[in-house]
There are 2 protein chains.
Amino acid sequence: MTRVMDDDSVRSESLPTLDEVARVAGVSRATASRAINGGDKVSQKSRDAVEAAVLALGYAPNPAARSLVTRRTDSVALVVPEPDDRVFSDPFFARTLRGVSRVLGARDLQLVLLLTGPGKEEQRMLRYLRNRHIDGAIVVSHHREDHLSDHLAAMGLPCVFVGRPWTSADKVAYVDTDNIAGGNAATEALVQRGCRRIGTIAGPPDMTAGVDRLLGWRMAMLQARLSDDAVVHGDFTEAGGEAAAEQLLREHPDLDGLAVASDLMALGALRALARAGRRVPDDVAVVGYDDLGVAERTSPPLTTVHAPVGDMADQAARLLLEQLDDGSRPRAMRIVFPPSLVRRASA
Amino acid sequence: MTRVMDDDSVRSESLPTLDEVARVAGVSRATASRAINGGDKVSQKSRDAVEAAVLALGYAPNPAARSLVTRRTDSVALVVPEPDDRVFSDPFFARTLRGVSRVLGARDLQLVLLLTGPGKEEQRMLRYLRNRHIDGAIVVSHHREDHLSDHLAAMGLPCVFVGRPWTSADKVAYVDTDNIAGGNAATEALVQRGCRRIGTIAGPPDMTAGVDRLLGWRMAMLQARLSDDAVVHGDFTEAGGEAAAEQLLREHPDLDGLAVASDLMALGALRALARAGRRVPDDVAVVGYDDLGVAERTSPPLTTVHAPVGDMADQAARLLLEQLDDGSRPRAMRIVFPPSLVRRASA
DNA sequence: TCGGGTGGTGGGAGCGCTTCCACACTTACG
DNA sequence: CGTAAGTGTGGAAGCGCTCCCACCACCCGA
């Protein structure tokens with residue numbers, strides 16, 4: 001009795017192996033493997049037998065065993081060097097995540113989330129990437145000090161950055177929008193509207209999107225022969241935008257135009273403007289950046305620069321797939337999307 | 001020449017193995033393994049030698065090989081049966097993700113993201129879980145129709161639900177807040193304030209948080225001998241809340257109190273109320289739910305029910321760790337946090 | 001009739017690791 | 001001084017899979 005029970009429990013504990021499938025199907029392990037995978041050079045008869053055995057046993061290949069010999073893990077890291085609520089609450093991240101996940105999921109690749117602040121966690125993350133736990137990496141929201149692009153380029157891991165990396169931009173793949181052109185277009189819209197005292201709430205100076213959009217603003221201001229001194233940096237959050245707008249109003253009370261580097265910050269700025277009794281767009285015209293849904297629901301609805309975030313995420317995933325497929329060293333590739341101005345009521 | 005180059009390239013391609021470490025350290029592979037892992041019964045001398053060899057070679061254990069024999073993968077799935085932007089943009093999810101990631105990260109467990117809509121993707125997800133790609137699962141935002149709790153309970157995978165599951169609640173572990181008590185407290189606050197025509201924007205009827213909070217509202221209304229017919233369901237998004245509030249105002253123009261099942265929906269409701277010219281709280285008092293930062297920044301600031309989401313996430317991760325540690329069958333455990341009312345200006 | 005394909009197959013060698021087991025070699029105790 | 005109970009150690013057996021290679025039919029053209 002005891003013996004039988006032991007056998008039973010053992011049997012129910014351990015999952016079926018390829019050996020058992022082969023035995024049930026009446027073929028060798030090699031043939032079973034071939035039938036289950038690519039299925040090259042396997043007779044229809046064997047194939048059917050194996051398929052039936054797989055179904056009967058509820059067999060599923062052991063990923064660790066497979067990975068040990070193929071040297072692939074069929075999983076990809078999503079690296080977010082900023083484990084803060086705000087990254088996740090940002091629709092930019094949400095949209096990116098969904099796009100990436102969709103493309104990779106279609107290829108049965110899993111997404112491993114690597115959230116890391118600076119310091120020890122970063123070391124853990126790099127170690128993880130180096131150990132070849134994963135086949136490749138997609139990096140979102142990368143900051144200047146993390147030197148992530150250098151590290152990844154050096155370790156030769158297939159990877160794609162969402163947003164131009166600070167360094168090694170000629171060695172790693174990335175997707176981006178033309179943030180200079182976008183910042184420029186936003187500002188020009190204000191200029192054409194007749195604004196003469198235009199300020200900007202820029203993004204963080206340690207992110208390329210932050211400095212590029214600011215640069216675009218500067219170029220437009222210079223070209224219009226307007227003073228480019230009304231600059232405050234925000235952190236891409238609503239609260240940050242609100243505080244930045246307050247500061248800007250304090251330092252430059254004559255403000256009549258405001259280019260904001262993200263819609264979330266613009267939302268905060270709108271609130272600050274309302275509290276200060278400034279009408280939008282009559283007293284102060286406002287242009288945002290991103291156009292991920294938030295902009296449609298502000299009051300007034302935001303004129304903003306549309307960044308094709310969904311497309312960027314798609315392409316990022318595809319660039320990674322390319323690198324994984326051709327198996328060669330990671331390649332430097334870049335895809336840069338043109339931004340476009342979406343006119344609504346705020347400017 | 002060629003020979004040497006070949007050797008070189010091979011060496012640089014393939015990472016160092018335990019064998020090499022052992023050879024360099026002058027010990028056997030078994031001793032090296034022991035030194036690297038638990039380090040039981042290894043002399044200090046061997047331990048030092050191995051450590052030095054590891055450093056010199058830049059050795060890191062091959063996770064697949066280890067996993068093959070230990071039958072652990074040291075990674076955990078985060079299951080989100082709703083691959084929509086709105087889940088990620090929701091601060092509830094962001095906070096949960098961060099909490100879970102922090103606790104698991106401290107134990108060197110990786111988080112694999114499993115985003116699944118209904119249908120084919122769900123099958124893929126279940127297959128993935130069943131194949132023991134991972135050691136356990138944490139399920140967030142679970143809906144009635146996905147029967148996830150039944151599936152997971154049946155396959156005997158260690159798992160924890162964030163938010164009470166619909167079924168098998170006595171078979172799987174979960175963390176939650178007492179949503180009935182919370183809905184009740186929110187409504188009582190309105191009653192005590194003198195509101196007599198109180199409506200509610202409930203959560204989705206296919207989520208336990210939705211129905212429980214609604215039930216709490218119903219109980220409070222009945223106890224106050226008020227009519228409980230002013231109910232509209234929302235989807236936990238801002239836009240959904242706005243639409244729901246509009247409908248509620250249309251159907252019940254005499255509304256003087258509003259209990260909303262999430263702050264994000266309450267934010268939308270506030271906008272609808274403002275557009276309808278109702279002052280908050282004078283004409284209509286509003287109570288939200290969640291208190292994850294949004295509530296402080298609305299105008300007026302939201303009186304809301306505080307749900308300790310960070311703590312819930314922590315505990316969810318810990319419950320999972322417990323199950324992983326004691327190695328036994330998954331256990332049914334539950335931790336339910338009491339909600340608390342936070343009074344601000346909106347009620 | 002025979003060499004030379006060609007489609008299909010199974011044996012077997014690993015992938016890199018953990019861990020059981022047997023074997024020294026010490027130390028402590030009766 | 002023999003025995004028992006530790007300590008450390010290395011040999012070797014796998015974990016479950018893929019894939020190389022040898023092999024066997026069989027059919028073809030010469």
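Bear in mind that the values here come from a model prediction, so they are computed numbers and not experimental data. Note: hydrogens, waters and symmetry copies are ignored here, and every other heavy atom, side chains too, is used. Each chain gets a letter, A, B and so on, in the order its sequence line appears, and its residues count up from 1.
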Practice task
In sequence, state the C-alpha distance, the side-chain angles, and the governing distance for B/Ser149 and B/Thr167, and then conclude on side-chain hydrogen bond (donor to acceptor under 3.5 Å, both in side chains).
Solution key: CA-CA 6 Å; B/Ser149 42; B/Thr167 51; 3.1 Å; yes

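Rounded to 10°, the helix from C/dT1-D/dA30 to C/dG30-D/dC1 has 50° between the axis fitted to its first five pairs and the one fitted to its last five.
The interatomic distance linking B/Ile36 (CD1) with C/dT19 (C1') rounds to 15 Å, in whole Å. Rounded to whole angstrom, the span from the CD atom of B/Glu20 across to the P atom of C/dG16 amounts to 9 Å. Put simply, CG on B/Asn131 is 13 Å from C1' on D/dG16, counting in whole angstrom units. Summarising the geometry, the separation between NE2 on A/His133 and C1' on C/dC17 is reported as 13 Å, rounded to the nearest angstrom. Atom C1' of nucleotide C/dG10 and atom CG of A/Leu18 are separated by 13 Å, given to the nearest angstrom. Rounded to whole Å, atom C1' of D/dT7 lies 14 Å from atom CD of B/Gln44. For the pair B/Arg23 CZ and C/dC17 P, the computed distance is 12 Å after rounding to whole Å.
Judged by distance alone, the side chain of B/Arg334 and the main-chain N or O of B/Ala169 form a donor-acceptor pair under 3.5 Å. Not a single donor-acceptor pair under 3.5 Å links the side chain of B/Ser75 to the backbone N or O of B/Leu111.
When each of A/Arg95, A/Arg102, A/Arg98 is paired with A/Asp314, the salt bridge (charged side-chain N to carboxylate O under 4.0 Å, His left out) condition holds for A/Arg102 and for no other. Each of B/Thr208, B/Leu319, B/Leu152 was compared with B/Phe161 under the side chain to side chain contact (heavy atoms under 4.5 Å, CB included) criterion, and only B/Leu152 meets it.
Side-chain nitrogen and oxygen atoms of A/Ser33 include at least one within less than 4.0 Å of the OP1 or OP2 phosphate oxygen of D/dT18.
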Pairwise N/O distances under 3.5 Å, protein to nucleotides 9-15 of chain D:
| from | atom 1 | to | atom 2 | distance (Å) |
| --- | --- | --- | --- | --- |
| D/dT9 | OP1 | B/Ser43 | OG | 2.9 |
| D/dT9 | OP1 | B/Ser46 | OG | 2.6 |
| D/dT9 | OP2 | B/Ser43 | N | 3.0 |
| D/dT9 | OP2 | B/Ser43 | OG | 3.3 |
| D/dT9 | OP2 | B/Ser46 | OG | 3.1 |
| D/dG10 | OP2 | B/Ser28 | N | 2.8 |
| D/dG10 | OP2 | B/Ser28 | OG | 3.1 |
| D/dG10 | OP2 | B/Thr31 | OG1 | 2.8 |
| D/dG10 | N7 | B/Arg34 | NH2 | 2.9 |
| D/dG10 | O6 | B/Arg34 | NH1 | 3.1 |
| D/dA13 | N6 | B/Arg29 | NH2 | 3.4 |
| D/dC15 | O3' | B/Arg71 | NH2 | 2.8 |

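Side-chain contact check for B/Leu148 versus B/Pro81: some heavy-atom pair is nearer than 4.5 Å. Counting heavy atoms from C-beta on, the side chains of A/Val172 and A/Pro165 come closer than 4.5 Å.
Residue pairs that meet the ring pair (Phe, Tyr, Trp, His ring centres under 6.0 Å) test with at least one member in residues 52-79 of chain A, sequence neighbours left out, do not exist here.
What you find for B/Ala137 and B/Leu157 is that their closest heavy atoms are CB-CD2, 4.1 Å.
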